[in-house]
Protein chains: 2
Amino acid sequence: MSGAHGYERVALIGLGLIASSMARAMRRAGMGAEIVGHARSEATREAAMRIGFVDRVTGTAADAVEGADLVVLATPVGAMGAVAAEIGPRLKPGATLTDVGSVKRAVIDAVGPHLPESVHFVPAHPLAGTEHSGPGAGFASLFDGRWCLIVPPDGDGGQAAADLAAFWRRLGAKTDVMDPDHHDLVLAVTSHAPHLIAYTMVGVADDLSRVTDGEVIEYSAAGFRDFTRIAASDPTMWRDVFLTNRDATLEILGRFTEELFALQRAIRTGDGDLLHDYFSRTRAIRRGILEAGQDIDAPDFGRAGGR
Amino acid sequence: MSGAHGYERVALIGLGLIASSMARAMRRAGMGAEIVGHARSEATREAAMRIGFVDRVTGTAADAVEGADLVVLATPVGAMGAVAAEIGPRLKPGATLTDVGSVKRAVIDAVGPHLPESVHFVPAHPLAGTEHSGPGAGFASLFDGRWCLIVPPDGDGGQAAADLAAFWRRLGAKTDVMDPDHHDLVLAVTSHAPHLIAYTMVGVADDLSRVTDGEVIEYSAAGFRDFTRIAASDPTMWRDVFLTNRDATLEILGRFTEELFALQRAIRTGDGDLLHDYFSRTRAIRRGILEAGQDIDAPDFGRAGGR
Ligand SMILES: NC(=O)c1ccc[n+]([C@@H]2O[C@H](COP(=O)([O-])OP(=O)(O)OC[C@H]3O[C@@H](n4cnc5c(N)ncnc54)[C@H](OP(=O)(O)O)[C@@H]3O)[C@@H](O)[C@H]2O)c1
Ligand SMILES: NC(=O)c1ccc[n+]([C@@H]2O[C@H](COP(=O)([O-])OP(=O)(O)OC[C@H]3O[C@@H](n4cnc5c(N)ncnc54)[C@H](OP(=O)(O)O)[C@@H]3O)[C@@H](O)[C@H]2O)c1
């Protein structure tokens with residue numbers, strides 16, 4: 001039984017959306033590697049076996065990594081330090097340890113110290129996800145055409161990083177190497193701050209006593225509906241993201257607030273030209289995303305046409 | 001030739017996304033009414049004739065409303081007052097004048113004074129749209145299953161409002177009657193404030209010199225991609241929305257900013273419980289929207305599965 005890129009046994013710690021999608025994509029790619037899984041709860045471990053995307057599960061993370069060539073941390077970011085402390089002594093010499101966390105500097109700081117010299121530590125982040133979570137939410141095509149950023153603690157990560165990148169490409173992703181701090185800033189802009197903003201706006205709607213929840217729900221128009229989907233994402237995952245990517249997220253939110261004040265002032269003073277110019281500029285970014293193939297152009301994501 | 005609900009001739013002033021979708025939905029419903037159209041530019045009038053969703057176009061709005069039983073203002077909100085001043089004297093006695101503007105109090109104030117006593121004025125707002133605009137963007141099913149709010153200037157609008165509601169139901173919509181000021185507050189929450197926030201966030205990303213536009217575009221993850229779609233909406237329409245629904249939008253943005261500061265403080269002080277509780281609460285709103293049939297539940301709007 002020969003796995004891809006020498007990974008004959010792969011251990012997944014955490015068996016939710018990302019891990020279960022990875023396992024399915026590995027199978028789809030015809031990788032022969034044995035897939036061993038561990039999740040915190042018995043219920044999730046049983047679900048993973050029942051769905052069948054792992055070959056076996058273990059009761060502890062330490063048991064799962066025994067003899068594994070590739071170990072993937074796929075828990076919420078805040079849990080990774082403790083998992084690393086538990087598995088560190090049991091990792092196979094020469095193995096690669098990676099993770100899929102949405103934040104990279106904090107994971108490097110929390111995980112790195114627990115790893116023996118003989119293990120290659122190559123953090124990574126697949127830029128793919130949905131608002132659903134858990135072992136049943138995964139699917140093999142989740143990473144197709146999306147980026148997986150390889151984020152070595154320093155330098156380019158050598159052969160282990162090159163092998164991990166090749167592995168991700170076989171799962172359908174495009175890969176790129178990025179520095180940890182730059183990763184955290186880019187993601188604060190393209191994901192973390194937008195999520196906090198969406199959570200906030202949905203919270204405001206929920207709180208407003210002069211507009212009932214029923215009205216918010218029934219009359220939710222384009223814009224707000226999208227925010228509610230974003231704000232339905234897993235609370236634990238996102239708490240951990242904000243607590244661990246604190247500085248970059250707060251920096252971007254600070255910029256956001258400044259800019260929002262400027263637009264509010266334009267509304268108050270009736271400065272239609274400023275508003276029109278601003279709204280015209282933001283269209284260019286959208287065009288770029290469509291041209292880069294990072295989203296589809298069906299009106300309203302095809303929702304409107306389907307009703 | 002007998003139109004629905006006694007509308008034998010319908011005039012559409014403005015021939016963009018909403019008007020062209022209305023015309024297509026009228027045809028789909030088998031309404032026999034003659035559809036006369038006017039738009040500001042020759043190019044749009046020609047496009048409407050070429051696509052074929054109007055029976056004829058006229059060079060002026062005043063000519064279009066001649067003999068029409070139903071006149072629909074479907075221009076940006078800021079243009080409606082001037083159009084009303086032009087067409088007021090030419091409206092047929094007993095005709096119904098309506099509009100589809102996203103804001104209602106300002107339209108009532110701008111349009112009402114120009115209408116003769118003999119005309120029924122019944123403002124309305126279909127809660128359906130996409131980020132695309134222009135005569136080619138419309139489709140017959142745009143309003144299917146979505147709400148159209150009927151917003152009489154005072155009271156219930158009588159028979160003319162009942163007829164207009166029945167007309168919208170034949171276009172596929174569900175209808176409800178709402179008071180103008182309440183409409184403007186509800187929409188500030190469910191649509192207007194979220195749009196300004198999305199425009200702002202995309203503007204911030206565009207401005208940030210340490211993250212290139214290329215990175216923003218390539219690595220735009222869930223969350224931000226949705227914002228870019230919202231922020232690609234028509235600049236003129238949205239400028240007019242904010243200028244005409246100023247007070248309610250600014251009120252909601254004020255609440256939003258307060259709440260955002262509270263969450264920023266929780267991030268700064270590491271208050272994970274507050275964040276987790278907040279993020280759990282907002283999920284309930286999403287569930288309500290799905291149960292009310294106001295959105296679909298395919299992961300990532302079915303984008304992820306399709307790639
Ligand atoms: N969802 C996205 O959009 C997305 C995208 C890119 C990256 N990521 C990152 O991927 C990681 C996983 O996200 P996900 O969406 O797959 O989450 P998920 O569906 O909620 O799954 C998380 C998994 O981690 C397990 N877990 C939690 N704490 C644990 C612990 N202390 N020890 C062992 N297992 C534990 C959970 O087990 P139980 O079920 O037993 O609790 C569950 O199986 C996160 O770090 C996230 O930042 C997510
Ligand atoms: N899009 C949405 O999501 C949505 C949803 C609900 C309600 N609404 C409301 O519906 C209305 C129309 O929106 P839309 O999306 O259909 O806009 P659109 O696609 O941009 O079309 C606007 C139309 O109005 C015409 N127009 C502009 N100024 C005019 C003037 N002074 N005289 C005559 N025609 C003029 C334009 O003609 P030219 O092409 O010649 O410029 C164009 O045909 C707006 O009031 C908006 O608030 C929009």
Side-chain angles (χ1 to χ4, degrees), chain A residues 127 129-130 132 144-145 186 189-191 194-195 199-206 211 215 217-228 230-232 235 238-239 242-243 246 253 255-256 259-260 264 267 272 275-276 279-280 282-283 285-286 288-289 292 294-296 299-301 304 307, chain B residues 127 129-130 132 144-145 186 189-191 194-195 199-206 211 215 217-228 230-232 235 238-239 242-243 246 253 255-256 259-260 264 267 272 275-276 279-280 282-283 285-286 288-289 292 294-295 299-301 303-304 307:
Chain A
L127 303 188
T130 77
H132 298 295
D144 287 357
V186 171
V189 176
T190 60
S191 175
H195 268 82
Y199 276 121
T200 306
M201 185 64 227
V202 176
V204 167
D206 187 35
V211 175
E215 286 174 321
I217 287 167
E218 284 295 337
Y219 306 131
S220 82
F224 188 73
R225 267 184 306 158
D226 301 327
F227 280 37
T228 64
I230 301 169
W238 283 99
R239 175 200 64 196
F242 297 123
L243 294 181
R246 191 177 63 179
L253 290 172
R255 298 287 296 258
F256 170 83
E259 202 93 345
L260 185 62
Q264 279 176 277
I267 294 175
L275 295 174
H276 193 278
F279 302 163
S280 302
T282 52
R283 284 191 131 170
I285 289 259
R286 177 69 183 169
I289 287 176
Q294 292 300 302
D295 202 357
I296 56 173
D300 207 18
F301 300 134
R307 351 182 102 259
Chain B
L127 304 187
T130 76
H132 298 296
D144 287 355
V186 170
V189 176
T190 61
S191 176
H195 268 81
Y199 276 120
T200 306
M201 186 63 228
V202 176
V204 167
D206 188 34
V211 176
E215 286 174 321
I217 286 167
E218 283 296 336
Y219 307 131
S220 81
F224 188 72
R225 266 185 306 158
D226 301 327
F227 281 37
T228 63
I230 301 169
W238 284 99
R239 175 199 65 198
F242 297 122
L243 294 181
R246 189 178 65 179
L253 290 173
R255 298 288 295 258
F256 169 83
E259 204 92 343
L260 186 62
Q264 280 175 275
I267 293 174
L275 296 174
H276 193 278
F279 301 162
S280 302
T282 51
R283 283 191 134 171
I285 289 258
R286 177 68 183 170
I289 287 175
Q294 291 301 300
D295 202 357
D300 205 19
F301 301 132
R303 278 190 296 217
R307 346 184 107 259

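Excluded from the calculations below are hydrogen atoms, water molecules and symmetry mates; all remaining heavy atoms, backbone and side chain alike, are included.
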Legend entry - B:I230 CD1 to A:D226 CG distance, which is reported to the nearest 0.5 Å: 4.5 Å
Legend entry - Flag side-chain contact, heavy atom, 4.5 Å: A:L275 against B:L243: yes
Legend entry - Value rounded to 0.5 Å, distance of OG1 in A:T228 from CD1 in B:I285: 8.5 Å
Legend entry - Approximate separation, where rounding is to 0.5 Å, of A:Y199 OH and B:F279 CZ: 5.5 Å
Legend entry - Min side-chain heavy-atom separation B:P194-A:F224 under 4.5 Å: yes
Legend entry - Heavy-atom pair with the smallest gap, counting every atom of A:A232 and B:R286: CB-CG, 3.6 Å
Legend entry - Pairwise distance CZ(A:F242) to CD1(B:I267) - rounded to 0.5 angstrom: 5.5 Å
Inset, instruction - Go through the atoms of A:F227 and report whether side chain, backbone, both or neither lie under 4.5 Å from a heavy atom of chain B. - result: side chain
Inset, instruction - Could you pull out the closest heavy-atom pair between B:M201 and A:V189, with the gap in Å? - result: CE-O, 3.4 Å
Inset, instruction - Quick one: pull up CZ in B:R225 and CG in A:L127 and give me the separation to the nearest 0.5 Å. - result: 9.5 Å
Legend entry - Closest contact, heavy atoms only, A:R239 versus B:G272: CD-O, 3.3 Å
Inset, instruction - Describe, in one word, how the ring planes of A:F256 and B:F256 are oriented to each other, choosing from parallel (under 30°), tilted (30 to 60°) and perpendicular (over 60°). - result: perpendicular
Legend entry - Test item: A:T282 side-chain N/O and B:A231 main-chain N/O as donor-acceptor pair under 3.5 Å: yes
